[in-house]
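Down below is the structure, laid out as structure tokens.
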Amino acid sequence: MSLLLLVVSALHILILILLFVATLDKSWWTLPGKESLNLWNDCEWNSNNKTWDCSSVSENGWLKAVQVLMVLSLILCCLSFILFMFQLYTMRRGGLFYATGFCQLCTSVAVFTGALIYAIHAEEILAAHPSGGSFGYCFALAWVAFPLALASGIIYIHLRKRE
């Protein structure tokens, strides 16, 4: 049982790390050269004075939705980990981790919805930056975090506390 708890806890911490990097790092969309776009700032390299020109990207309603959903997924994932630890030490033997599983399932839905909205609106990014580009590693990390959070939620729902 202790090995199972260790694996579940390690999976949960992995999901937290993936979500933190995906939400806070700067590569949701990679442009040719050094430029990249993230959820918070649009930074482009100015070769004339060799500095980064950054502007806020919060004018788009859909991008605000992605920002909110990714932050919500982080909050839900942290909450479910705290809830798991609380349930682990206070729940009676034989109890199920329904609340923790439900929070993790909500985390996976929030990540899925945020990444899907971003993918659907990729053409708007291409219209604003005609030089092209592709999805960055933060976008890929969000998509990796989605099935892991979904699997974690299902595991928590089926996990039963034993002595």
Atom [atom1] of [X] and atom [atom2] of [Y]: how far apart are they, to the nearest 0.5 Å?
| X | Y | atom1 | atom2 | value |
| --- | --- | --- | --- | --- |
| Phe20 | Cys138 | CZ | SG | 13.5 Å |
| Phe102 | Leu83 | CZ | CG | 11.5 Å |
| Thr113 | Leu69 | OG1 | CG | 6.0 Å |
| Gln87 | Ile82 | CD | CD1 | 12.5 Å |
| Ile155 | Thr100 | CD1 | OG1 | 13.0 Å |
| Phe84 | Ser9 | CZ | OG | 4.5 Å |

Is [Y] reachable from [X] through a run of hydrophobic residues whose side-chain heavy atoms are each under 4.5 Å from the next?
| X | Y | value |
| --- | --- | --- |
| Tyr156 | Phe86 | no |
| Met70 | Tyr137 | yes |
| Ile117 | Leu74 | yes |
| Leu79 | Ile154 | no |
| Val68 | Ile120 | no |

Specify the closest pair of heavy atoms between [X] and [Y], including all atoms of both residues, with the distance to one decimal.
| X | Y | answer |
| --- | --- | --- |
| Leu76 | Cys106 | CD1-CB, 3.7 Å |
| Gly101 | Ile157 | CA-CG1, 3.8 Å |
| Ser80 | Gln104 | OG-OE1, 2.8 Å |
| Phe97 | Leu88 | CE2-N, 4.0 Å |
| Cys78 | Leu16 | SG-CD2, 3.5 Å |
| Ser152 | His12 | OG-ND1, 4.3 Å |

Specify whether Phe112 and Trp143 have parallel, tilted or perpendicular ring planes, treating 30° as the upper limit for parallel and 60° as the lower limit for perpendicular.
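Perpendicular.
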Quiz item: In terms of ring plane angle, is the pair Phe139 and Trp28 parallel, tilted or perpendicular, where the classes change at 30° and 60°?
Solution: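 It falls in the perpendicular class, over 60°.
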Applying the side chain to side chain contact (heavy atoms under 4.5 Å, CB included) criterion to Leu19, which one of Val71, Leu141, Ile75, Thr107 satisfies it?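 Filter result, single survivor: Thr107.
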I'd like to know if the side chain of Asn38 reaches the main chain of Trp40, judged simply by a donor and an acceptor atom lying under 3.5 Å from each other, with no hydrogens or angles considered.
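Looks like yes, one N/O pair under 3.5 Å.
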Which is it for Ile13 and Phe81 under the side-chain contact (heavy atoms from CB on, under 4.5 Å) test, yes or no, and what are the steps along the way?
CA-CA 8 Å; Ile13 291 171; Phe81 190 69; 4.2 Å; yes
Set of ring pair (Phe, Tyr, Trp, His ring centres under 6.0 Å) partners for Trp29, sequence neighbours left out
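Listed in chain order: Phe135.
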| field | Pair Val66-His121, side-chain contact (heavy atoms from CB on, under 4.5 Å): steps then yes or no | value | CA-CA 11 Å; Val66 174; His121 289 281; over 6 Å; no
